[in-house]
Structures are given as structure tokens and as C-alpha cells.
Amino acid sequence: MANTTVRGAISIHGQNPQYLVESVIRNRIYEAAFWKEHCFALTAETIIDKTIELKAIGGVYGNQKPTEFLCLLLKLLQIQPEKEILLEYLQADEFKYLRALAAMYVRMTFRPADVYEVLEPLLKDYRKLRYRGMAGGYSIIHMDELVDQLLTEERVCDLILPRLTKRDVLEDLEEIGPRKSRLLDAM
């Protein structure tokens, strides 16, 4: 069935990975035309083509219609690509929406120390992204703004993100090293 998680999937944060998306939004995604037409039978390889075609990121808009970005994120949660594949998605400089999708997936599924280690280098990416808001209109945000939201906010793209341990707590526990400031490097 198209709405089930792949067999042998690892539970994330103690639950089915699809349940990281709230049930109301998840059900709207299942009913969306994009989900039914384009997300059926996608794999870690073929999802790249669909992501390259994205024109915007965002959550829900209009009458609670999910964006294509959310549909592809739920598909990633279903198929659970390997960590190496996700890191390759993040390294693909020419595809900014693929990088944004992978960053969102990393934030939702990785351990807190890994989230900081993987996402903080993306704060150097200043490319523009089109964001579709709740009213259906578009605005411009930058990749570093999205990454900052992922690291600091509780809700991004209308999804409630799993709790993230603060960076200073992880530094005190010596799980990650101190953050390197680009300003100190410039001095």
C-alpha cells in the first residue's frame, strides 16, 4: 500500500517515522493529488528528480493543502534512505531544494549531536528559496535562515519538530565540540 512505511524501517524517536508528521497534515498529504500522482513508488534515487522540480518549500496553504515539499518529506520518512545517501543530498550544491528537503529530514530524524554537526555547515549557504506561506502567497527566505529555524524553532513548515537538546548542553556533556565562529576566523 502506498501509505505504509517500508518494511524493516527503524523506529525514530520511539515511533513510526511517518508519525513525526501530525495526523491531520499526514491525512491531507495522503489525499493530495501530488501524493497520489507523483509520490507513488518513489525510491531514494527517483525522489531526487521530483525534488529538483520543486519550485518552493513550505507547509500547508489555502484550505490546508500540503505543499509538494511536505509530500516529498513524508515520502522520505516512509522510505528511510541511508545516512550516506542523505549526506550526498546535502552535498549537492546545484540543487537547493534537495538540500532543503534533506536538511528538514535530518532535523526530524537524527540525534541532536548529529543534527548540529550536519546542519551547522549549511549556515554558510545564502541561496534564496521560495517559501509558500499559509495564505498561498510566496516570499523569499535564504537557506541559512531555514537552517537557523531548524536549529532554533519548534515549528518549521507547519510541522512540529522533535525536541532538540540545546547546543550548550551538548557541549557541556562533551558530545560535540564548541562552535567555530566564522567571525573569529576572519580576525
Side-chain angles (χ1 to χ4, degrees), residues 1-5 12-13 15-44 46-81 86 89-90 92-110 115 118-119 122-123 125-164:
M1 190 158 162
N3 297 340
T4 58
T5 305
I12 298 173
H13 304 295
Q15 62 184 352
N16 183 333
Q18 288 190 75
Y19 295 161
L20 294 172
V21 177
E22 299 96 84
S23 63
V24 173
I25 295 175
R26 190 173 61 243
N27 290 331
R28 299 226 187 232
I29 291 172
Y30 292 154
E31 295 168 4
F34 182 81
W35 176 263
K36 293 176 181 176
E37 294 173 12
H38 300 284
C39 294
F40 182 76
L42 284 179
T43 63
T46 58
I47 202 166
I48 295 171
D49 299 329
K50 292 295 177 192
T51 307
I52 291 170
E53 296 171 6
L54 281 179
K55 302 291 184 229
I57 65 170
V60 294
Y61 67 95
N63 192 14
Q64 300 295 313
K65 289 179 62 177
T67 59
E68 296 172 359
F69 180 80
L70 272 189
C71 293
L72 292 173
L73 178 64
L74 184 63
K75 192 62 181 183
L76 268 182
L77 290 169
Q78 273 188 353
I79 60 178
Q80 281 190 334
L86 284 165
Y89 288 174
L90 289 171
D93 288 334
E94 61 273 16
F95 306 122
K96 59 186 177 183
Y97 291 107
L98 179 63
R99 179 176 274 187
L101 183 69
M104 185 80 167
Y105 182 86
V106 164
R107 171 60 179 86
M108 293 182 78
T109 60
F110 281 29
V115 169
V118 171
L119 294 186
L122 299 180
L123 290 170
D125 189 350
Y126 304 113
R127 290 181 290 175
K128 294 178 181 177
L129 298 170
R130 188 181 297 168
Y131 180 82
R132 188 162 199 175
M134 181 74 88
Y138 293 96
S139 61
I140 298 293
I141 67 168
H142 296 86
M143 181 69 77
D144 65 317
E145 290 177 75
L146 174 67
V147 173
D148 184 61
Q149 287 176 5
L150 290 172
L151 293 174
T152 58
E153 309 268 328
E154 292 181 8
R155 182 180 283 268
V156 176
C157 293
D158 299 320
L159 294 179
I160 298 173
L161 301 174
R163 298 238 183 256
L164 185 66

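Source: prediction; values computed, not measured. Computed from heavy atoms alone, side chains included, the values below leave out hydrogens, waters and symmetry copies.
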How far does CG of Leu146 sit from SG of Cys157, to the nearest 0.5 angstrom? 6.0 Å
Given Thr109 and Leu77, is the side-chain contact (heavy atoms from CB on, under 4.5 Å) satisfied, shown in steps? CA-CA 9 Å; Thr109 60; Leu77 290 169; 3.7 Å; yes
Test side-chain contact (heavy atoms from CB on, under 4.5 Å) on Thr51 and Tyr89 and set out the steps. CA-CA 10 Å; Thr51 307; Tyr89 288 174; over 6 Å; no
What's the separation between atom CD in Glu53 and atom CG in Leu72, rounded to the nearest 0.5 Å? 9.5 Å
For Ala102 and Leu90, work out which heavy atoms get closest and say how close. CB-CD2, 3.6 Å
Could you walk me through whether Ile79 and Thr43 pass the side-chain contact (heavy atoms from CB on, under 4.5 Å) check? CA-CA 7 Å; Ile79 60 178; Thr43 63; 5.5 Å; no
Using a 4.5 Å cut-off on heavy atoms from C-beta on, say whether the side chain of Ile160 contacts that of Glu154. no
Given side chains that start at C-beta, do those of Arg28 and Lys65 come closer than 4.5 Å, heavy atoms only? no
Measuring from Leu54:CG to Arg130:CZ, what's the distance to the nearest 0.5 Å? 11.0 Å
Roughly how far, to the nearest 0.5 Å, is the NE2 atom of His38 from the SG atom of Cys71? 10.0 Å
May I ask you to test the Arg155-Leu161 pair for a side-chain heavy-atom distance under 4.5 Å? no
If you compare all heavy atoms of Asp158 against all heavy atoms of Glu22, which two are closest, and at what distance to 0.1 Å? O-OE1, 3.6 Å
Please round to the nearest 0.5 Å and tell me the distance separating atom CG of Leu164 and atom OG1 of Thr152. 9.5 Å
How many angstroms lie between atom CD1 of Ile52 and atom CZ of Phe95, to the nearest 0.5 angstrom? 3.5 Å
Glu153 and Asp148, any side-chain heavy atoms less than 4.5 Å apart: no
Please find the pair of heavy atoms, one from Pro162 and one from Met108, that lie closest to each other, and give the distance. CG-O, 3.5 Å
With salt bridge (Lys or Arg N to Asp or Glu O under 4.0 Å) as the test, would you mind laying out the steps for Lys96 and Asp125 before giving the verdict? CA-CA 9 Å; Lys96 59 186 177 183; Asp125 189 350; over 6 Å; no
Under 4.0 Å between a Lys/Arg side-chain N and an Asp/Glu carboxylate O for Asp144 and Arg127? no
In a check of side chain to side chain contact (heavy atoms under 4.5 Å, CB included) between Arg107 and each of Leu159, Val115, Val147, which one passes? Val115
For a 4.5 angstrom cut-off between non-hydrogen side-chain atoms, does Tyr61 reach Pro66? no
Using every non-hydrogen atom in the two residues, find where Met143 and Ala100 come nearest and quote the distance to one decimal. CE-N, 3.9 Å
How about Tyr30 and Lys36: do any of their side-chain heavy atoms sit closer than 4.5 Å? no
Would you indicate whether Asp93, at its atom CG, is surrounded by more than 12 heavy atoms from other residues, nucleotides or ligands within a distance under 6.0 Å? yes
Donor-acceptor pair between His142 and Lys128 side chains, under 3.5 angstrom: no
All heavy atoms of Met104 vs all of Leu150, minimum pair found to be SD-CD2, 3.4 Å
Between Tyr138 and Arg132, do the side chains contain an N or O donor and an N or O acceptor separated by less than 3.5 Å? yes
Looking at side-chain heavy atoms only, is the closest gap between Gln80 and Tyr105 below 4.5 Å? yes
Can you check whether Leu70 reaches Val21 side chain to side chain, under 4.5 Å on heavy atoms? no
side-chain contact (heavy atoms from CB on, under 4.5 Å) between Ile140 and Leu129, intermediate numbers included: CA-CA 6 Å; Ile140 298 293; Leu129 298 170; over 6 Å; no
Heavy-atom donor-acceptor pair, Thr67 side chain to Ile57 backbone, under 3.5 Å: no
